[in-house]
There are 2 protein chains.
Amino acid sequence: MPASDDKKAGKRVRVTIIDVAAKAGVHVSTASRALSQRKDHRISASVVRKIERVAEQLGYRPNLLASGLRTQRTGSIGLVVPNLGDPLFAPIIASVQERAAQNGYVTYVASSDYKPDKLLSIIEIMSRQSVAGLVVASFDLQDPAADRCLELDIPTVAVLRDPCHPGLSSITMDDESGVREVVEHILDLGHRSIVYITAPLAASTARNRLAGFMAVAEREAAAGCRFDVIEADTYDIEEGERVMGRLIGSGLPWTAVICFNDLLAVGALVALKSAGIACPDQVSVTGVNNLPFVSLLSPSLTTLHNAGREIGLQGADLLMTLIENGDNAVRRVLLPSRLVRRDSAGPAPPTLAAAGPGRSDQGQRAVRRQRTRPSARGGVSGQHVGAGG
Amino acid sequence: MPASDDKKAGKRVRVTIIDVAAKAGVHVSTASRALSQRKDHRISASVVRKIERVAEQLGYRPNLLASGLRTQRTGSIGLVVPNLGDPLFAPIIASVQERAAQNGYVTYVASSDYKPDKLLSIIEIMSRQSVAGLVVASFDLQDPAADRCLELDIPTVAVLRDPCHPGLSSITMDDESGVREVVEHILDLGHRSIVYITAPLAASTARNRLAGFMAVAEREAAAGCRFDVIEADTYDIEEGERVMGRLIGSGLPWTAVICFNDLLAVGALVALKSAGIACPDQVSVTGVNNLPFVSLLSPSLTTLHNAGREIGLQGADLLMTLIENGDNAVRRVLLPSRLVRRDSAGPAPPTLAAAGPGRSDQGQRAVRRQRTRPSARGGVSGQHVGAGG
DNA sequence: ATGTCTTGCGCAAACGTTTGCTCTTGACAC
DNA sequence: GTGTCAAGAGCAAACGTTTGCGCAAGACAT
């Protein structure tokens, strides 16, 4: 009774279930059962009503720390992305958070800054917070962090980048066939000297997009086409400018540049503009991701639409089933990407185009097989793929 | 001993401080003190070393739920933004998370979707998770959620939008003088019929930017200038298109449009382009925020640079001192915004400009005082401010 | 009237920490 | 040789829940 008065007097003491039980004249276990979500609680309706009324009246707010401690399960999940500033991750963050919230979960977010050890330490920290599960968008291939998630027994879904770990489910885009479609499109436009700017090959996205590029390159080996690959060190606009700057000064022949992502492509456009090279009249540029603003640029960017929101929703959904059903089946979902044709990719300029007009032309240049699984990161950096002769 | 064996046998039992203490041959309280951060723990160095070694060896990971329950303080904070997809909030999320992590905190994020009741429920949920503090970027003016934060005794910092609550600290941009600078710039360019597209006036940002516009409008009342205000319903590009479309069809005279933010401005540019109106040759457009991509548009957007990252860093820093020092002094930090002159704002077209060339010209049009604190949201929607005669 | 079942609720342990207090021990001064 | 003190470590309570178990009382069949 006096304790109850303390609360009402505003002494800023958190009201617990003990207070509720006391005021309702029942045992705390009864109050707990009555307030529980599970409705198999063997408590008479009248008592439930009374307890609910008292709880409401006292402003009872359950302490989820205590609850989580007792039940070994919490209402929070973690989301790790490589870069919180990259607009690519905004829809993923938004959709994961949204879907988690719909299921009663709150979401921690953290940025790994593309560093595997930072990812490891984030996982460590989140595990100490007893997260119920993890959505990770920053796994490298063979990432030790993937093993760690399984060791720690944390339900985990990989999104966007697949570590290709036998025990982990993933939701990713079909990068390989996406980029293949881009290259086909560029070939259809008549281009015969094509450069692909890849990202560091630590991530599955980079490998798979490169594989898509190489697949077409190999097939067109005998068709008089030239394919080169340059490796960018980061993923941002500035790096796109730098790489394109190097390419312009390299003396390589090319009329089209396919970029790993939109940001590199935008940087490439900037570099082209300042070099006075017209896009798409002289050269074509494409990106990947279809970031919200690339349709507004001049020229508007031809790119692959990657459904970040869909990835986030499906990733969160999958995590929920992992958590709540204890379902351990490993799923690998591949979402289709869609080519968005805009202005930055146009017909190859006749004067600069390679040999003939048709794709089936005989050519003297062959594509040398590019290792798509090089052991070291810098494997293809600046390397010339389509060797002369 | 057998219990210890269980752990080593990989029975997936979480190793607790009890296990560590047992294996080290000390009492659990001793282990707790030895592993504690606070170094005033009266435990001999040799024992500390032994316990640390055992903890390492067993792979002990402290349970922060238990710790938080006992100590009434946790290592997590919450961050609420109105829209996780809006690029405006990316640097704020990134910087708050970064600074929080530096201080050993993990960060929950959630989106209020611009809905006050959703904000309230988020605060409720986060409070149940016992967050140590809150950074909120989605307060409305006089937001009841602000009261709630104080009732719940949660250290809270308002960023970007100031609820103007006497008990809450805030870190915001100096919106009023920023927009004033924009209007001055537009006037300097010779424009004499200016439209301001405001956002819904629930937020301090909208009020303050409108106040900046109105301040100049009043001052220039006698100078033959015309000032109109239109209210947008949301903050996105599509709404910018719609509003600009209405403006174009309205028959109002104007040569410059100052937009509440970049997204509306970009939408305005889109609408202008599809209406065949040239920017900046025929009309000028400005935004606010200097989003990363607006420098790349054609025309590049004249805007105010708002330092989202700085807001986040200062907001997080302030929250840390609130949490750790129990410091209750209310601070209101106003960060300066900076005009970024680009191509979307150019000289007023001579043929369309109002009366004379100079700003000091006498004019017959006066600006009617716009209520800057209307009671209802729709107060100025589509309203003509600078009345004729 | 006795026995079995079901319903409704109380009892108390447990989740994994932290921390005020107590106790022991050895150092030191008197 | 007794007393004081500080250092180092153990004891046990507490944080706020949840839940297996037990118990009482009523329903029902025998």
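The chains referred to below are lettered A, B, ... by the order of the sequence lines, with proteins before strands, and numbering in each begins at 1. Here the structure is a predicted model, which means the values were calculated and not measured.
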What's [X] touching, base or sugar-phosphate or nothing? Going by heavy atoms closer than 4.0 Å.
X: B:Val28; answer: base
X: B:Ser29; answer: base
X: A:Ser32; answer: base
X: B:Thr71; answer: sugar-phosphate

Is any NZ, NE, NH1 or NH2 atom of the basic residue among A:Glu324 and A:Arg73 found under 4.0 Å from an Asp or Glu carboxylate oxygen of the other?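 Judged by the 4.0 Å cut-off on N to carboxylate O distance, A:Glu324 and A:Arg73 do not form a salt bridge.
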In plain terms, say whether A:Glu52 and A:Arg49 are close enough for a salt bridge, that is, a side-chain N and a carboxylate O under 4.0 Å apart.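 No, no charged N to carboxylate O under 4.0 Å.
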Quick one: [X] [atom1] to [N] [atom2], roughly how many Å, whole number?
X: A:Arg73; N: D:dT17; atom1: CZ; atom2: C1'; answer: 12 Å
X: A:Leu64; N: D:dT17; atom1: CG; atom2: P; answer: 9 Å
X: B:Ile18; N: C:dA14; atom1: CD1; atom2: C1'; answer: 10 Å
X: B:Ile51; N: D:dG8; atom1: CD1; atom2: P; answer: 13 Å
X: B:His27; N: C:dT22; atom1: NE2; atom2: P; answer: 16 Å
X: A:Gln37; N: D:dT19; atom1: CD; atom2: P; answer: 12 Å
X: B:Leu69; N: C:dC15; atom1: CG; atom2: C1'; answer: 9 Å
X: A:Gln129; N: C:dT17; atom1: CD; atom2: P; answer: 13 Å

Would you tabulate the nitrogen or oxygen pairs shorter than 3.5 Å linking the protein to nucleotides 26-28 of chain D?
none

Test item: side-chain donor near acceptor, A:Ser204 and A:Asp162, under 3.5 Å: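 On atom types as modelled, these side chains do not qualify, holding no pair under 3.5 Å.
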Cut-off 3.5 Å, side chains only: do A:Arg161 and A:Ser138 have a donor facing an acceptor?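 No.
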For the side chain of A:Arg33 and the base of C:dG8, is some donor closer than 3.5 Å to an acceptor across the two?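 Counting by modelled atom types and ignoring angles, no donor-acceptor contact under 3.5 Å is found here.
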Got a donor-acceptor pair under 3.5 Å from the side chain of A:Arg128 to the base of C:dG16?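 In this structure, the two groups form no donor-acceptor pair.
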Tell me, please, which residues at least two apart from A:Tyr105 pass ring pair (Phe, Tyr, Trp, His ring centres under 6.0 Å).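 Checked A:Tyr105 against ring pair (Phe, Tyr, Trp, His ring centres under 6.0 Å); zero matches.
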Would you kindly compare B:Gln72 and B:Arg42 by the position of their nearest DNA chain D nucleotide and give the one closer to the 5′ end?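 Result of the comparison: B:Arg42.
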Looking only at side-chain atoms of B:Asn63, point me to the closest of D:dT17, D:dG8, C:dT17.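 When the side chain of B:Asn63 is considered, C:dT17 is the closest of D:dT17, D:dG8, C:dT17.
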Report yes if at least one side-chain N or O of B:Ser44 is closer than 4.0 Å to OP1 or OP2 of D:dA9; otherwise report no.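 Yes, B:Ser44 has a side-chain N/O under 4.0 Å of OP1/OP2 on D:dA9.
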Passing option when A:Lys118 is tested against A:Asp143, A:Asp140, A:Asp113 for salt bridge (charged side-chain N to carboxylate O under 4.0 Å, His left out):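 Running salt bridge (charged side-chain N to carboxylate O under 4.0 Å, His left out) over A:Asp143, A:Asp140, A:Asp113 with A:Lys118 returns exactly one hit, A:Asp113.
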Can a donor-acceptor pair be found, under 3.5 Å and without considering hydrogens, that links the side chain of A:Ser95 to the backbone of A:Pro91?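 Yes.
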